[in-house]
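As the structure lists them, so they are numbered: ligands from 1, and atoms in each ligand from 1.
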Amino acid sequence: MKRDVYLNNQPLEEALENFMRFLSEEGALTAGTPETIPVEEALDRITAGPIYARISSPHYNASAMDGVAVLAAKTTGASETSPRQLKVDQDFVVVDTGDPIPPDFDAVIMIEDVNYPDNETIEIMAEASPWQHVRLMGEDIVAAEMILPGNHKIKPADIGGVLAGGITEIAVHARPKVALMPTGTELVQPGSELKPGDIIEYNTGVLAAMVRQWGGIPIRREITVDDYDLLKKTMLSAVEEADILLINAGSSAGREDFTSSLISELGVMVTHGVAIKPGKPTILGVIKGKPVIGVPGYPVSAILCMDLFLKPIIYRKQGLLPPPVAKTEAIVSRKLVSPLGLEEFVQVKLGRVGEKIIATPISRGAGVIMSMVRADGMLRVPRTSEGFNAAETVQVELHRPLDEVLETTVVIGSHDIAMDVRGD
Ligand SMILES: Nc1nc2c(c(=O)[nH]1)N[C@H]1C(S)=C(S)[C@@H](COP(=O)(O)OP(=O)(O)OC[C@H]3O[C@@H](n4cnc5c(N)ncnc54)[C@H](O)[C@@H]3O)O[C@H]1N2
Ligand code: MOO
């Protein structure tokens, strides 16, 4: 089999823009057929179109308080010095919160403002103004009003709004199905007895969790060994089953790195090689109108590649743009040297020292999953930069909320397990 050594070095913005444009022209970013689901199961789903109220809420004039319904005009002039007596049924009826206001009445007086001289009579010591303590029909929702726009992510309160508008089922965008294909003869299932050379297949667990986090449905395939025909067969069946295909590893230039040749054979390879570190061997392509990403094997590279390339696709397929990433300004704790020509992504620990937030770079090995486990955030060193000097101010993209991060004590020095136990 021919060895694929073609790797270009396309700047990130260009690679991403090109790929998204290509996918858009291929119709590969459009949402799938909407699904109709019960409103109560719609949390975090995305509306496929605007949702209009079927009924008003309240759908009748309702008492907002426990008390008596009256006609305001019949209370004019009532005061402490000139109490007004009203007769049951004729001048008032007793109502509880939520009860309909009977015809011929237009206001509610709270029960605590009423005296009962006898069973048939009440006495009030203040005028009622028209519609006081009444929730007017449509106060909350007016029939035919738009309750939610299209392409809206449903939050708990939205479920209440939609149900109150008389709707029980809604159309939402289909969750994109993402096939995950772990590849590599050396991979073994987690929990297997290990011999030298075996690599525990844990990337699929990470990738599946990321897909789920962004609203997709991961479809995990079995490990496929590095065999061209077998990989081809699995890719073809995975692409039939899913909306997006991810092939993990085999993205680089090794003897058994077949992903790019296979994508070219089965569809179109748009890019192989992006000027980023880690994640350089990322492959972007399309097979049968479906986006395909060759995700590099090293875990840190894989996570970054997912974040940069899969995330915008999954969101677009649900009618959304990825939410903005929270950032903070920080000061680099030490000099950070980075190669020119590659945009480098460096994981950092953050901590407060006095008034300042300090970013300490963590191991930059693409195979060090623990760098991602430990990181609070990530900084980008632009392609045109050779790095940062100690104490330089940088922007850090946060992996977790800043408040939580800043509870951290910064300890610089070699790793000490006792500190982990102490900090737990
Ligand atoms: N001549 C070149 N060699 C390499 C280049 C290059 O540009 N020229 N790039 C390097 C970079 S950068 C990366 S990243 C890796 C990516 O290689 P592949 O995508 O082909 O991945 P593999 O070689 O198959 O695997 C690499 C490594 O990743 C880990 N891995 C893979 N799959 C899993 C999994 N499912 N779960 C957990 N860990 C996994 C494992 O440690 C593999 O050894 O290529 C460099 N080479
Ligand atoms: O780009 Mo590779 O992804 O550094 O390890």
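Using a 4.0 Å cutoff on heavy atoms, C305 does not count as a contact of ligand 2. Residue contact check for ligand 1: I200 places a non-hydrogen atom closer than 4.0 Å to it. Contact analysis puts G250 in contact with ligand 1, with a non-hydrogen atom separation below 4.0 angstrom. Ligand 1 has at least one atom lying under 4.0 Å from a heavy atom of P281. Contact between T204 and ligand 1 is absent, with no heavy atom of the residue lying under 4.0 Å from the ligand.
Of the N and O atoms on the side chains of E169 and T36, not one donor lies less than 3.5 Å from an acceptor on the other residue. Remark: the R221 side chain and the S237 side chain contain an N/O donor-acceptor pair separated by less than 3.5 Å. A side-chain N or O of T97 and one of D66 form a donor-acceptor pair less than 3.5 Å apart. Between Y228 and E265, the side chains place a donor N or O and an acceptor N or O closer than 3.5 Å (distance only, hydrogens not considered). Remark: the E35 side chain and the H173 side chain contain no N/O donor-acceptor pair separated by less than 3.5 Å. A donor-acceptor pair shorter than 3.5 Å can be found between the side chains of H152 and D158.
Under a 4.0 Å criterion applied to the non-hydrogen atoms of S301, ligand 2 contributes the atoms 2 (Mo), 3 (O), 5 (O). Below 4.0 Å from some heavy atom of P296 lie the following atoms of ligand 1, by number and element: 14 (S), 19 (O). Taking a cut-off of under 4.0 Å to the non-hydrogen atoms of A366, the atoms of ligand 2 that pass are 4 (O), 5 (O). Every atom of ligand 2 with a heavy atom of Y298 under 4.0 Å away is listed here by number and element: 5 (O). Taking every non-hydrogen atom of K280 and a distance limit under 4.0 Å, the qualifying atoms of ligand 2 come out as 1 (O), 3 (O). Close approach to D257 involves these atoms of ligand 1, each under 4.0 Å from a residue heavy atom: 20 (O). Taking every heavy atom of E201 and a limit of under 4.0 angstrom, the matching atoms of ligand 1 come to 34 (C), 35 (N), 36 (N).
Using a 4.5 Å heavy-atom threshold, the side chains of I167 and Y52 count as separate. Residues M210 and V206 have side chains in contact (heavy-atom distance under 4.5 Å, counting atoms from C-beta outward).
Residue contacts with ligand 1 for I199 involve side-chain atoms from C-beta outward but no N, CA, C or O (heavy atoms, distance under 4.0 Å). Contacts with ligand 1 closer than 4.0 Å are made by side-chain heavy atoms of N248 only, the backbone lying farther away. Neither the backbone nor the side chain of I223 has any atom closer than 4.0 Å to an atom of ligand 1 (non-hydrogen atoms only).
When the shell of 6.0 Å around CG of L194 is examined, it contains more than 12 heavy atoms from other residues, nucleotides or ligands. Within a 6.0 Å sphere centred on CD of E40, heavy atoms belonging to other residues, nucleotides or ligands number 12 at most. Crowding of K177 atom NZ: a count of heavy atoms from other residues, nucleotides or ligands under 6.0 Å not exceeding 12.
When A302, S301, G297, G279 are checked for heavy-atom proximity to atom 21 (O) of ligand 1, G297 turns out nearest.
Not one N or O of T183 is nearer than 3.5 Å to an N or O of ligand 1, by distance alone.
Protein heavy atom nearest atom 1 (O) of ligand 2, with residue, atom name and distance: G279 N, 2.6 Å.
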